[in-house]
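Read the structure below first, then the notes.
Order of the sequence lines fixes the chain letters, A, B, ..., with proteins taken first and strands second; residue numbering starts at 1 for each chain.
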2 protein chains.
Amino acid sequence: MPAPPVTLIDVAKAAGVSPITVSRALNEPQLVRPVTLAKVQEAVKRTGYVKNMLAGGLASSRSKLVALVLPTISTQTFADMVQGATDRLTAAGYQLLLGIVGYETWREEILVETILSRRPDGVILTGSLHTDSTRQRLLQIGTPVVETWDMTPHPIDMVIGFSHEEVGHACAKHLLDQGYRRFGMLTANDPRAGQRTQGFQVALAKQGVNVVVARQVPAPGALPQGRIGAVKLLDEHPDLDAIFCSSDTLAHGVLIEAQSRGLRVPEDLAIMGFGDLNFSGYTNPPLSTVKVDGAKIGAMSAQALLNRLDGDDTAERIVNTGFELIQRGST
Amino acid sequence: MPAPPVTLIDVAKAAGVSPITVSRALNEPQLVRPVTLAKVQEAVKRTGYVKNMLAGGLASSRSKLVALVLPTISTQTFADMVQGATDRLTAAGYQLLLGIVGYETWREEILVETILSRRPDGVILTGSLHTDSTRQRLLQIGTPVVETWDMTPHPIDMVIGFSHEEVGHACAKHLLDQGYRRFGMLTANDPRAGQRTQGFQVALAKQGVNVVVARQVPAPGALPQGRIGAVKLLDEHPDLDAIFCSSDTLAHGVLIEAQSRGLRVPEDLAIMGFGDLNFSGYTNPPLSTVKVDGAKIGAMSAQALLNRLDGDDTAERIVNTGFELIQRGST
DNA sequence: CTGTTAGCGCGTTCAC
DNA sequence: GTGAACGCGCTAACAG
């Protein structure tokens, strides 16, 4: 039996005060005398009032909503970002509007439009490759924006992330230092993966080394594609001594194939991944990887928005969170 | 430079029509003559109008928002639920409001209150253990509700899930059929895990078999706790021949410990899990598990709400989605 | 098919 | 510390 909707006015009548007093009692209790406050709270309980943030948001132009746009949620790091952002936002009385867009830019464009129609107080975007139209809209509406999970010299507003090219550099240096020279690459065709492989190749080239062979699979590269990719790479170039993958999932597939061929990893073949896939099936998985703290990035992004909303405009607009190169399986 | 906000009235002026015509052109294009429609669309583009669903929702009492409340998002199955629900909702023009509550009921109570303040058109809840106050609120507001991931004889509204007791039964039968008799249990202290272990024990008891020893860890049981738990179980009862775990993650920890003791799994020790953790680190992980299709449950829940919102009230209110017992590692 | 009128429920701005 | 009037931007219901 849905009871008739209870409004703030009903509460006001029940408490014997004016509507605005109820509003204040709910939103800025310190501005209301304790006695009045108690009366209001009692009336709220008695009437079963639930506040209406549609009306509130419309009147105040503050929706207490923050949108988070992610390509997928089925990756541990992105799930961590959701968790990290949610924690911060909830603590500050905000709610999360989640958008999942996959890896196609045009989907983001549509989603951003839909999201903006809710008038969120802030938007967190993954990556910094957006259509012009998306950028326009965001700038026009004037909502604070954090681009995350990437670095860019021309941010829409704020940036909290790391450079995927630097990741590529670091991986190249790591492998070169260990003496590897004949490189294969296996990458998913998502833009950030591309930046990593780009950085990887550039860093190699500086040392006069070239990638022997590269293969690409559709994003987000799944494990079987990693294995199949490895089959092709190793069949065509049996003398490869290192394979650089755009994700741990792909790397995992490569590892399985390598082991089934009796290759010792990393002695015969080094494998590098990216992400933070849990390799706990192995006591000590013999592949190195680059790890990023998703929860931290999510929390920092949320915090950046909250600061801005508090009028605190002093912080850096561009923050490099860095990443961690994890070396495993070596002697 | 945030431009001044563009309202529907601005568009109406620009198009030379009345505001309501713009509204219709945007929401029910088929009710508007093509010529008018074109004029409006042109005006929308020219002005850069973005619709305001706060205002729209307030006026129409339809927010086009559906809330999904989950204990965590860092579990593959729950992430799949988000994905499944998002897909259906997006296709129908709805957006997802995500709430993550952990495993404490009082947190859900607060979150539900906050969520209802957005006046979502529907709410999807995980499980069916809610405080009275939560149930009251939901019933009072009259929002369509789907309780999922569980079965209950006294639903708030609709239910789409499976019986955790049946899962326990099925596991018990499976292990008994294979000849195992000396059972240990390792479970997280979340309510649904409790129902599974309960069902497991009852089914065993019917065959005159009792669980030798049970241990509990805080929800959501992590892998190290699985391993530590296994140490204690096996130290105290070296003659166990099967361990029933409340999750694959715990089971995985048990597996690692078993292997490090040189136990053959499942010949010397059977291990049962629950969930759909990807054990791809193993070519053929030797533990059986129960698998649930999260994406399907998410999509079905969303669809159930959408049907209701379309006035379609004919479907079953209680749907048992079932689960799949996956036997692995046996001869 | 399109326009008019009248709110939706609340917060802002001033007064008191 | 509390109240009154007004408007946020849009849509329901009817009229034409």
Side-chain angles (χ1 to χ4, degrees), chain A residues 3-41 43-44 47-65 93 114 116-121 141-142, chain B residues 3-41 43-44 47-65 93 114 116-121 141-142:
Chain A
V6 179
T7 76
L8 204 158
I9 297 185
D10 299 322
V11 178
K13 284 180 192 154
V17 297
S18 80
I20 184 58
T21 300
V22 177
S23 173
R24 280 199 274 256
L26 261 32
N27 300 317
E28 304 168 289
Q30 71 282 9
L31 297 185
V32 167
R33 196 174 3 137
V35 192
T36 320
L37 190 59
K39 274 197 297 188
V40 172
Q41 288 170 335
V44 166
T47 54
Y49 172 72
V50 177
K51 96 166 132 170
N52 186 332
M53 297 185 81
L54 293 179
L58 177 58
S60 67
S61 328
R62 281 180 292 94
S63 60
K64 288 271 184 178
L65 216 47
T114 317
L116 288 179
S117 72
R118 303 271 174 204
R119 298 294 187 272
D121 294 335
I141 298 278
Chain B
V6 179
T7 75
L8 197 152
I9 297 185
D10 299 321
V11 179
K13 285 179 191 152
V17 297
S18 80
I20 187 63
T21 299
V22 177
S23 173
R24 281 198 273 256
L26 261 32
N27 300 316
E28 303 168 291
Q30 72 282 9
L31 297 185
V32 167
R33 193 173 10 138
V35 191
T36 320
L37 190 59
K39 274 196 298 188
V40 172
Q41 287 169 338
V44 166
T47 54
Y49 172 72
V50 176
K51 96 167 132 169
N52 186 332
M53 298 186 80
L54 292 179
L58 177 58
S60 67
S61 329
R62 281 179 292 95
S63 59
K64 289 269 186 180
L65 216 48
T114 316
L116 288 179
S117 73
R118 305 268 175 207
R119 298 294 186 272
D121 294 336
I141 298 278

State which residues pass side chain to side chain donor-acceptor pair (under 3.5 Å) with A:Asn52; sequence neighbours excluded, sorted by chain then number. none

Interface polar pairs with nucleotides 5-8 of chain D, N/O, under 3.5 angstrom:
none

Return whichever of B:Thr36 or A:Leu8 has its heavy-atom-nearest nucleotide of DNA chain C closer to the 5' end.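 Taking each residue's closest nucleotide, the earlier one in sequence belongs to B:Thr36.
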
Atom [atom1] of [X] and atom [atom2] of [Y]: how far apart are they, to the nearest 0.5 Å?
X        : Y       : atom1 : atom2 : value
B:Ser63  : B:Leu58 : OG    : CG    : 11.0 Å
A:Gln41  : A:Thr36 : CD    : OG1   : 10.5 Å
A:Arg118 : A:Leu54 : CZ    : CG    : 8.5 Å

Could you tell me how far apart [X] ([atom1]) and [N] ([atom2]) are, to the nearest whole angstrom?
X        : N      : atom1 : atom2 : answer
A:Arg24  : D:dA4  : CZ    : C1'   : 11 Å
B:Leu26  : D:dT11 : CG    : P     : 8 Å
A:Arg118 : D:dG9  : CZ    : P     : 17 Å

Do you know which two heavy atoms are closest between B:Val6 and B:Tyr49, and how far apart they sit?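 Nearest heavy atoms, B:Val6 then B:Tyr49: O-CD1, 3.4 Å.
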
With a 4.5 Å heavy-atom cut-off, do A:Leu65 and A:Met53 have their side chains touching?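 No; the side chains remain at least 4.5 Å from each other.
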
With a 4.0 Å cut-off on heavy atoms, is A:Arg62 in touch with a base, just the backbone sugar-phosphate, or nothing at all? sugar-phosphate

First-last contacting nucleotides on DNA chain C - partner chain B, under 4.0 angstrom, heavy atom: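 Extent of the interface on DNA chain C: C:dC1 to C:dG9.
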
Under 3.5 Å, side-chain donor or acceptor atoms of residues 12-32 of chain A against the rest of the protein: list the pairs with distances, not counting sequence neighbours.
from	atom 1	to	atom 2	distance (Å)
A:Ser18	OG	A:Thr21	OG1	3.3
A:Asn27	ND2	A:Ser23	O	3.2

